[in-house]
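We count residues from 1, following the sequence as given. Heavy atoms only: backbone and side chains are in, while hydrogens, waters and symmetry mates are out.
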Amino acid sequence: MPTCQQCGYKWGWIEAFFKMFTFKKKLRCSSCDSSQYVSKKTRMLLSLFIFYLY
């Protein structure tokens, strides 16, 4: 599971999955409100997963 680098909050699977669908490169931690960035590799894997579903 993704973990916040600032506060150590572990995001749940569903929360992380839906946050990935935003078009922003940075995401907000729901616990401490700090910015988290999604890696290029993770965005690529997500796009392949979405393509596979359709």
Side-chain angles (χ1 to χ4, degrees):
M1 287 298 123
T3 306
C4 177
Q5 298 295 321
Q6 298 294 322
C7 67
Y9 173 74
K10 290 186 180 182
W11 295 352
W13 185 86
I14 294 173
E15 184 181 10
F17 185 74
F18 284 116
K19 284 186 182 240
M20 295 295 234
F21 283 110
T22 62
F23 292 107
K24 301 174 186 174
K25 290 187 178 182
K26 64 180 179 179
L27 305 173
R28 291 267 183 209
C29 175
S30 57
S31 177
C32 66
D33 203 37
S34 65
S35 296
Q36 302 291 311
Y37 294 91
V38 181
S39 69
K40 185 177 180 180
K41 180 180 176 182
T42 303
R43 286 192 314 249
M44 181 64 100
L45 288 173
L46 180 65
S47 66
L48 291 175
F49 178 71
I50 293 170
F51 181 72
Y52 177 74
L53 289 177
Y54 290 111

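- Among all heavy-atom pairs drawn from Gln36 and Thr3, the shortest one is OE1-O, 4.1 Å.
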Taking it one step at a time, do Cys7 and Cys29 satisfy side chain to side chain contact (heavy atoms under 4.5 Å, CB included)?
CA-CA 9 Å; Cys7 67; Cys29 175; 3.9 Å; yes
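- Between Cys4 and Cys32 the shortest side-chain heavy-atom distance falls below 4.5 Å.
- Between Ser34 and Arg28, every side-chain heavy-atom pair lies at or beyond the 4.5 Å cut-off.
- By the 4.5 Å heavy-atom criterion applied to side chains, Ser30 and Tyr9 are counted as neighbours.
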